[in-house]
Enquirer: 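The structure that follows is given in the form of structure tokens.
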Number of protein chains: 2
Amino acid sequence: MRIEDVGREAGLSAQTVSRFLHFPDQVSTPNQERIRSAIAAVGYRPNLLAMALASNRSRVVAILVPTIANPVHAAPVQGLSDAVREAGYQVLVGTTGYDAAAEQALVGAFLGRRVDGMILTGAAQSHATRAMLKGAALPVVQLWEVPADRIDSAVGVRNAAIGEAVARHFAARGYRRLAVVRHAAAGDTRSAARELGFLESAAELGLPPPLRLSVDRPAEMAQAPELVAELLLHGVEAVFCVGDQLAIGVVLACQRRGVAIPAQLAVAGVGDSDLAALITPALTTVRIPRYELGLEAGRHLLARFADRHLGPVAMEIDFELLIRETS
Amino acid sequence: MRIEDVGREAGLSAQTVSRFLHFPDQVSTPNQERIRSAIAAVGYRPNLLAMALASNRSRVVAILVPTIANPVHAAPVQGLSDAVREAGYQVLVGTTGYDAAAEQALVGAFLGRRVDGMILTGAAQSHATRAMLKGAALPVVQLWEVPADRIDSAVGVRNAAIGEAVARHFAARGYRRLAVVRHAAAGDTRSAARELGFLESAAELGLPPPLRLSVDRPAEMAQAPELVAELLLHGVEAVFCVGDQLAIGVVLACQRRGVAIPAQLAVAGVGDSDLAALITPALTTVRIPRYELGLEAGRHLLARFADRHLGPVAMEIDFELLIRETS
DNA sequence: GTGAAAGCGCTAACAT
DNA sequence: ATGTTAGCGCTTTCAC
């Protein structure tokens with residue numbers, strides 16, 4: 001059923017029906033009622049594809065995540081979904097599998113679908129991806145980080161400040177021989193920023209330079225035992241793991257080895273995973289408002305859609321240091 | 001840039017360019033090359049919206065989940081995404097928040113977008129939702145369960161068989177006084193089917209009728225302590241919790257109370273959550289191939305798109321009983 | 001407040 | 001193998 005059928009049924013032109021759909025009060029009250037019942041009578045459902053083509057607004061926003069199976073990345077998608085639902089926007093989700101080429105292909109496809117806005121995870125997009133996006137001139141939000149060379153907008157946390165907060169906490173507890181464990185991949189700029197903040201803050205606080213270790217994969221628990229051996233060998237008192245999975249692995253490895261936490265080794269993670277609060281001793285960690293990240297990004301996109309003159313933003317959301325039993 | 005611009009640049013009609021895009025070998029080899037460079041020269045990107053409108057195929061599949069933040073529901077989305085990527089399909093995700101009205105609204109919106117196929121979570125759709133879907137005559141897959149009154153296709157696990165498997169396992173271990181805890185909501189037919197399978201199997205095995213308890217929310221750990229009190233009061237030897245969160249809550253509550261597991265109380269869950277393997281004692285549970293559920297649903301949709309004559313399927317995927325330390 | 005005409009960018013069906 | 005014509009279902013612009 002097309003808009004014209006509704007018009008015929010109501011004894012009006014297709015145009016008036018279209019107006020009713022978008023600006024009901026531009027149609028006379030009796031005609032509003034006529035159209036309403038005509039729509040019900042013929043069982044009309046607007047073709048959003050045709051609407052989008054004609055109006056050049058698709059009412060779709062896209063979000064790209066490495067994987068949706070990881071709650072860390074699923075939470076912002078939920079936030080985005082909740083943010084745009086009321087406005088009648090739908091969410092297109094693309095999974096890149098941490099692959100830049102896949103990301104690029106998806107961005108191209110989404111632009112082809114004429115999405116009204118796009119959200120990207122992180123800030124490590126390929127040059128070609130950035131170029132495509134800048135050329136398309138649509139609102140784009142980079143999530144998690146707020147880099148200096150933004151594509152357009154960014155909504156993230158101050159990763160360096162996270163490292164700082166943990167260093168200050170360790171110092172306040174009296175730990176002096178610190179260590180930091182990060183994810184070694186070059187693309188993981190979040191991990192790098194957190195480490196840097198930790199190191200700089202330790203230096204400012206007059207502590208000896210922390211031991212720096214790294215692991216191959218972000219969520220690698222298997223490497224924890226050798227990590228613990230290394231930490232003990234160097235007489236480390238407190239370790240900052242740039243990720244909860246890793247921190248939990250370290251806690252479990254310590255227990256197996258009979259290392260007392262936090263007496264012999266204090267541990268802090270980042271992420272506030274569900275597990276962090278459930279293990280014993282409960283993990284000190286940093287809560288990052290993942291859901292809010294997506295929610296704010298979505299709200300910003302809606303604001304941009306509503307007002308074409310609005311510019312990009314660089315928004316930083318507060319994290320929270322959750323001091324528990326491991327430090 | 002439109003397809004006509006490419007045609008002009010290549011000295012050919014728009015139609016030939018369109019043909020090249022979809023059936024390259026229907027275009028002569030020299031012209032293929034001409035079009036290829038013309039596309040690059042003008043920086044052409046097909047408008048998938050216009051394509052979809054004209055061809056009546058959007059190359060979009062939609063999936064509806066209660067919440068994407070729960071890995072249980074995110075995993076099938078990842079499977080779907082992986083299944084359809086190669087074929088050039090995109091995934092539209094809708095979150096219903098366990099609300100039938102929200103589900104109905106989303107189904108309507110997705111139909112308006114002329115999605116080529118749709119995946120729904122569970123089988124408790126409202127009558128209006130079912131009617132819309134049947135009227136639209138597009139491939140639909142109900143996920144997780146394979147009900148008798150399917151809308152179209154279904155890909156799921158045999159929930160009753162899960163209950164059966166746990167009952168048999170308990171019986172084999174020599175437990176006689178059993179209990180089952182389920183989610184009380186009327187809409188949760190999965191939970192109900194698992195309980196029923198458990199009860200029927202217990203009867204067949206000649207065991208006394210299991211104690212039946214219920215909780216208000218599926219992932220409610222807070223109710224665990226009173227649940228344990230109730231179980232002990234009735235002298236229950238083994239409890240089947242229809243969900244891992246609940247089972248883990250019970251295990252933790254037992255530990256706090258000094259109840260030995262499995263000596264005093266054996267526990268089994270369903271879901272194979274990450275936590276299940278990590279707690280001590282490790283939880284006996286049922287692994288449901290969540291990712292594969294979405295993957296198979298996606299593959300089925302692609303098959304249906306490729307061959308209009310293909311009919312719906314009712315597919316059941318195998319689960320796996322993971323016997324660990326709590327039983 | 002309402003209608004007519006033109007067009008969004010593409011493909012289907014028919015030509016040649 | 002290629003081109004022409006006529007839409008897909010809607011909105012935009014400009015009339016009245």
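Lettering follows sequence order; numbering is per chain, from 1. Note that the coordinates shown come from a computational prediction; the quantities given were computed from them, not determined experimentally.
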Enquirer: Ser28(B) side chain N/O closer than 4.0 Å to the phosphate oxygens (OP1, OP2) of dT2(D)?
Expert: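 Yes, because at least one side-chain N or O of Ser28(B) sits under 4.0 Å from OP1 or OP2 of dT2(D).
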Enquirer: Can you list every ring-ring contact (aromatic ring centres under 6.0 Å, His included) pair that touches residues 288-311 of chain A, not counting sequence neighbours?
Expert: Tyr89(A)-Phe305(A)
Enquirer: With sequence neighbours left out, what residues match Arg113(A) under side chain to side chain contact (heavy atoms under 4.5 Å, CB included)?
Expert: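 Expected list: Leu92(A), Val115(A), Leu48(B), Arg59(B), Val60(B), Gln90(B).
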Enquirer: Would you list the pairs meeting salt bridge (Lys or Arg N to Asp or Glu O under 4.0 Å) in which at least one residue belongs to residues 305-316 of chain A, sequence neighbours left out?
Expert: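 Passing the test, one end in residues 305-316 of chain A: Arg158(A)-Glu316(A).
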Enquirer: Using a strict heavy-atom distance below 4.0 Å, which residues from residues 104-113 of chain B are in contact with DNA chain C?
Expert: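 Residues of residues 104-113 of chain B under 4.0 Å from DNA chain C: none.
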Enquirer: For nucleotides 9-16 of chain D, give me one character per nucleotide, 5' to 3': B if any protein heavy atom sits under 4.0 Å from the base, S if the only such contacts are to the sugar-phosphate, - if neither.
Expert: BBBB----
Enquirer: Run the side-chain hydrogen bond (donor to acceptor under 3.5 Å, both in side chains) test against Gln15(B) and tell me which residues pass, sequence neighbours left out.
Expert: none
Enquirer: Who pairs with Ala192(B) by side chain to side chain contact (heavy atoms under 4.5 Å, CB included), at least two apart in sequence or on another chain?
Expert: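 Listed in chain order: Arg182(B).
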Enquirer: With Glu33(A), which residues qualify under side-chain hydrogen bond (donor to acceptor under 3.5 Å, both in side chains), at least two apart?
Expert: Arg36(A)
Enquirer: Between side-chain atoms of residues 66-80 of chain B and protein atoms elsewhere (two or more places apart, or another chain), which donor-acceptor pairs fall under 3.5 Å?
Expert:
{"unit_1": "Thr67(B)", "atom_1": "OG1", "unit_2": "Gln78(A)", "atom_2": "OE1", "d": "3.1"}
{"unit_1": "Thr67(B)", "atom_1": "OG1", "unit_2": "Ala69(B)", "atom_2": "N", "d": "3.0"}
{"unit_1": "Asn70(B)", "atom_1": "OD1", "unit_2": "Val72(B)", "atom_2": "N", "d": "2.9"}
{"unit_1": "Gln78(B)", "atom_1": "OE1", "unit_2": "Thr67(A)", "atom_2": "OG1", "d": "3.1"}
{"unit_1": "Gln78(B)", "atom_1": "OE1", "unit_2": "Ile68(A)", "atom_2": "N", "d": "2.9"}
{"unit_1": "Gln78(B)", "atom_1": "NE2", "unit_2": "Asp82(B)", "atom_2": "OD1", "d": "3.2"}
{"unit_1": "Gln78(B)", "atom_1": "NE2", "unit_2": "Asp82(B)", "atom_2": "OD2", "d": "3.4"}

Enquirer: Is Ser13(A) near enough to dA4(C) that one of its side-chain N or O atoms lies under 4.0 angstrom from OP1 or OP2?
Expert: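 For Ser13(A), the contact criterion (side-chain N or O under 4.0 Å from OP1 or OP2 of dA4(C)) is not met.
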Enquirer: Using the salt bridge (Lys or Arg N to Asp or Glu O under 4.0 Å) rule, collect all pairs that involve residues 289-299 of chain A, keeping only residues at least two apart or in two chains.
Expert: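 Matches after skipping sequence neighbours: Glu296(A)-Arg299(A).
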Enquirer: Separation of Asp5(B) atom CG from dC8(C) atom C1', in whole Å?
Expert: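 Roughly 13 Å, once rounded to whole Å.
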Enquirer: Name every residue in residues 29-43 of chain B that has at least one heavy atom under 4.0 Å from any atom of DNA chain D, in order of residue number, or write none if there are no such residues.
Expert: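 The stretch gives Asn31(B) as the residues lying under 4.0 Å from the strand, ordered by number.
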Enquirer: Give me each pair satisfying salt bridge (Lys or Arg N to Asp or Glu O under 4.0 Å) with a member in residues 118-132 of chain B, each pair once, sequence neighbours excluded.
Expert: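 Applying salt bridge (Lys or Arg N to Asp or Glu O under 4.0 Å) to every pair that reaches into residues 118-132 of chain B, excluding sequence neighbours, yields Arg130(B)-Asp149(B).
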Enquirer: Can you name the one residue among Val141(A), Leu143(A), Val107(A) that meets side chain to side chain contact (heavy atoms under 4.5 Å, CB included) with Leu120(A)?
Expert: Val107(A)
